[in-house]
J.: 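I'd like to ask you about the structure that follows.
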Amino acid sequence: MDVCLIFAASFSAFYIIVVFADEFTNPSAFKYVSSLQKVQSEAMIDLRLIREKTEEVEKALERRNGGFSVKELVEVDASQRKAQGEWEALNQRSNQLQGLIKAAQSDERETLKVEAKDVNVRIKEANALRTELDARVKELQMALPNMPDASVPDGPDENYNVEIHAWGEKPNIENPKEHWELGPPLRIFDFERGVKIAESRFTVLMEMGAKMERALMNFMLDFHSSRGYSEVFPPILVNKQCMLGTGQLPKFEGDFYKCADDELYLVPTAEVPVTNLYRDEVIAADQLPIHHCAYTPNFRREAGSAGKDTRGYIRQHQFNKVELVKFCLPENSEDEHEKLTRDAEAVLEALELPYRRIILCAGDIGFSAKKCFDLEVWFPGQNKYREISSCSNFGDFQARRANLKYKPADDGKARFLHTLNGSGLAIGRTLAAILENNQQPDGSVRVPAVLIPYMGGISVLRPRNDKIAEAVH
RNA sequence: GGAGAGGUGGCUGAGUGGUCGAAAGCGGCUUCCUGCUAAGAAGUUGUACGGUCAAAAGCUGUACCGAGAGUUCGAAUCUCUCCCUCUCCGCCA
């Protein structure tokens, strides 16, 4: 692990040096880099861009794990445009004929009608072809992930993520327990009854657990509200358009819970409803940036993570999270990204939890993101850092899908804005991290100072010996 | 869930088979006028994808009046299906 990190870190430094050196010493390299950056900052998955700069786009996507080909898309797009042209030409003729028929004498009119009918048949055929190709283009286009930003390090998987910095001192605990060992005596978690009520990966929070979960929600919402994020509480069920807009669909259908009778999905993250708040809208530039924070429960099927984190409260089908979402001008998104990540880090610092920030490599980055920082909190019981927040800059990728635009102050043409989001934070994991980091030798847990007011003044969680805590079968 | 009404441009709202991308008003923008403001006058004002152009402007083609299908040479307008909104009733935290 450590070896890997050192390698990754030096790798990253090397990468950055190379980029800088190239930029400032080699004119042709500079040209390449800046044109690549232009490609990336101006438009993600823009069809015109894919058409005109196919190779650059492909090169950028190649850095992602699995690799993505845009060749088929370019080909289908070409035939779609041809079909579109033919269809339009036929429509034009049809429109002409309509005018002629209106002006014609009755005998002449019948002849024209015959031609018009024939044209209409051909229009129908041309339209069928056009529609089919249209759908195919859309399908291929929607399946393409965002292009990683030039500043994202290369690498196929999480082993190539690079640590940016770390904060806090790891607590010195003798034989630290994991949170699932600490929880039941404190009467915080009831894992067995959670399974009884739903299925595995569902947990009941009891008493102090329920209280602290709620305290964390309130603390985080208050925290971000006071830092300029306006609070929203959105629907937890969303329609398909929302899921397409933020990029969960169409690629990852199996990852989410869906209400079969209603075409509605349980939100996997507040990102989905909150980003879609302004879908199909044009926002005046002076209204930007918009900063929202939102609490929602989140539902994920965790398909493909069988065997991972089967114990404990780390990986649940239902979990709570406070999310930060930003809408901003394209030129500000990088800056907003840094600030958003700082806001998430500030929560960890307020809670006195040691963490580190890593930048995800191109192969590990999420589908919609062009750049992503993960915050990882220290778990003494597990003796490792675990993800607790993921802060992404999507560029205009989601904005394109969700049709989110802004109207610039100067010229009137509406343009796609940029979206960002990050967890601030995942509440269940925060609770687990507090348990592990603040555990005392006697099995009690110290409540972080900022949380005490939210816990009704309770400063220590103590083990209890309730009979009801023991499962009775 | 039952009954009724309705979905038109940034907004209000007209339009019941062609001359409608769509009246009128409001708002927005430009210009003029006026010490300033207010008021007034004239003009202009949707989106997407193409073509033309070095590019922009301009010009030009096609589509779009909730979505889809149908009738017709021709649909905002007629028919059908679906979605959504509103009002009343019922139910309910």
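The chains referred to below are lettered A, B, ... by the order of the sequence lines, with proteins before strands, and numbering in each begins at 1.
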J.: Counting side-chain heavy atoms from CB outward, which of B:C73, B:U47, B:C49 is closest to A:Lys117?
T.: B:C73

J.: Between B:G66 and B:C29, how far apart are the C1' atoms? Round to whole Å, please.
T.: 30 Å

J.: Give me the distance, rounded to whole Å, that separates B:G17 from B:A41 when you measure between the C1' atoms they each carry.
T.: 40 Å

J.: To the nearest Å, give me how far apart CD1 (A:Ile123) and C1' (B:U72) are.
T.: 13 Å

J.: Tell me what A:Ile101 touches on the nucleic acid: a base, only sugar-phosphate, or nothing, going by heavy atoms under 4.0 Å.
T.: base

J.: Evaluate the side chain to side chain donor-acceptor pair (under 3.5 Å) criterion for residues A:Glu88 and A:Gln92: first the C-alpha distance (whole Å), next the side-chain angles of each, then the deciding distance (0.1 Å), finally the verdict.
T.: CA-CA 6 Å; A:Glu88 285 183 2; A:Gln92 188 173 6; over 6 Å; no

J.: Using a cut-off of strictly less than 4.0 Å, decide whether A:Lys124 has a side-chain nitrogen or oxygen near OP1 or OP2 of B:G70.
T.: yes

J.: A:Leu112 or A:Trp87: which one's nearest nucleotide on RNA chain B is closer to the 5' end?
T.: A:Trp87

J.: Please report the distance, rounded to the nearest Å, between CD in A:Glu110 and P in B:U72.
T.: 14 Å

J.: For B:A22 versus B:G1, give the span between their P atoms, rounded off to a whole number of Å.
T.: 41 Å

J.: Compare the minimum distances between each of B:U19, B:C49, B:C73 and the side chain of A:Lys102, then state the nucleotide with the smallest one.
T.: B:U19

J.: Could you check whether A:Thr296 and A:Glu323, counting side-chain N and O atoms only, form a donor-acceptor pair closer than 3.5 Å?
T.: no

J.: Would you please confirm or rule out a distance under 4.0 Å between OP1 or OP2 of B:G74 and any side-chain N or O of A:Asn95?
T.: no

J.: Locate the shortest heavy-atom distance separating A:Pro153 from A:Leu360; write the atom from each residue and the value.
T.: CD-O, 3.8 Å

J.: Between B:C84 atom C1' and A:Glu263 atom CD, what is the distance in whole Å?
T.: 15 Å

J.: I'd like the C1' distance from B:A69 over to B:G61, given in whole Å.
T.: 27 Å

J.: Measure from CD on A:Gln80 to C1' on B:C49 and round the result to the nearest Å.
T.: 9 Å

J.: Looking for any heavy atom pair under 4.0 Å, which part of the strands does A:Gln92 touch: base, sugar-phosphate only, or nothing?
T.: sugar-phosphate

J.: Looking at A:Arg48, does any N or O in its side chain come under 4.0 Å of the phosphate oxygens OP1/OP2 on B:C49?
T.: yes

J.: Find the distance A:Asn120:CG to B:A69:P and express it as a whole number of Å.
T.: 15 Å

J.: Quick one: is A:Arg51 getting a side-chain N or O under 4.0 Å of the B:G50 phosphate, OP1 or OP2?
T.: yes

J.: How far, in whole Å, is B:G15 from B:U71 if one measures between their P atoms?
T.: 29 Å

J.: Restricting to non-hydrogen atoms, name the atom on A:Gln248 and the atom on A:Pro268 that form the minimum distance, rounded to 0.1 Å.
T.: CG-CG, 4.1 Å

J.: Could you state the CG-P distance from A:Asn91 to B:A75, rounded to the nearest angstrom?
T.: 10 Å

J.: How many Å lie between CZ on A:Arg109 and P on B:G18, as a whole number?
T.: 13 Å

J.: Considering only atom C1', compute the distance from B:U31 to B:A14 and round it to an integer number of Å.
T.: 30 Å

J.: Say you pick atom P in B:C92 and the same atom in B:U85; how far apart are they, in whole Å?
T.: 23 Å

J.: What's the closest nucleotide to the A:Gln98 side chain, out of B:U62, B:G18, B:A48?
T.: B:G18

J.: From the set B:U62, B:G51, B:C73, return the single nucleotide nearest to any side-chain atom of A:Arg81.
T.: B:G51

J.: Please verify the inter-ring angle class for A:His337 with A:Phe373; under 30° counts as parallel, over 60° as perpendicular, anything in between as tilted.
T.: parallel

J.: Could you go through the side chain to side chain donor-acceptor pair (under 3.5 Å) check for A:Thr246 and A:Glu271 one step at a time?
T.: CA-CA 8 Å; A:Thr246 32; A:Glu271 161 192 353; 4.9 Å; no

J.: Select from A:Ser94 and A:Glu88 the residue whose nearest nucleotide in RNA chain B is closer to the 5' end of that strand.
T.: A:Glu88

J.: Round to the nearest Å and state the distance from A:Arg400 atom CZ to B:U47 atom P.
T.: 17 Å

J.: Do you know the tightest heavy-atom contact between A:Tyr313 and A:His179?
T.: N-NE2, 2.8 Å

J.: Just how far is it from atom NE2 of A:His292 to atom CG of A:Leu324, taken to the nearest 0.5 Å?
T.: 11.5 Å

J.: Is the shortest side-chain N/O distance from A:Lys407 to OP1 or OP2 of B:G46 below 4.0 Å?
T.: no

J.: Stem list for RNA chain B, please, built from Watson-Crick and G-U wobble pairs under 3.5 Å and keeping only runs of at least 3.
T.: B:1-7 with B:83-89, B:10-12 with B:24-26, B:27-32 with B:40-45, B:46-52 with B:58-64, B:66-70 with B:78-82

J.: What interatomic distance, in whole Å, is found between C1' of B:C64 and the corresponding atom of B:A57?
T.: 25 Å

J.: Less than 3.5 Å apart, any donor N or O on the side chain of A:Tyr265 or A:Glu253 sitting next to an acceptor on the other?
T.: yes

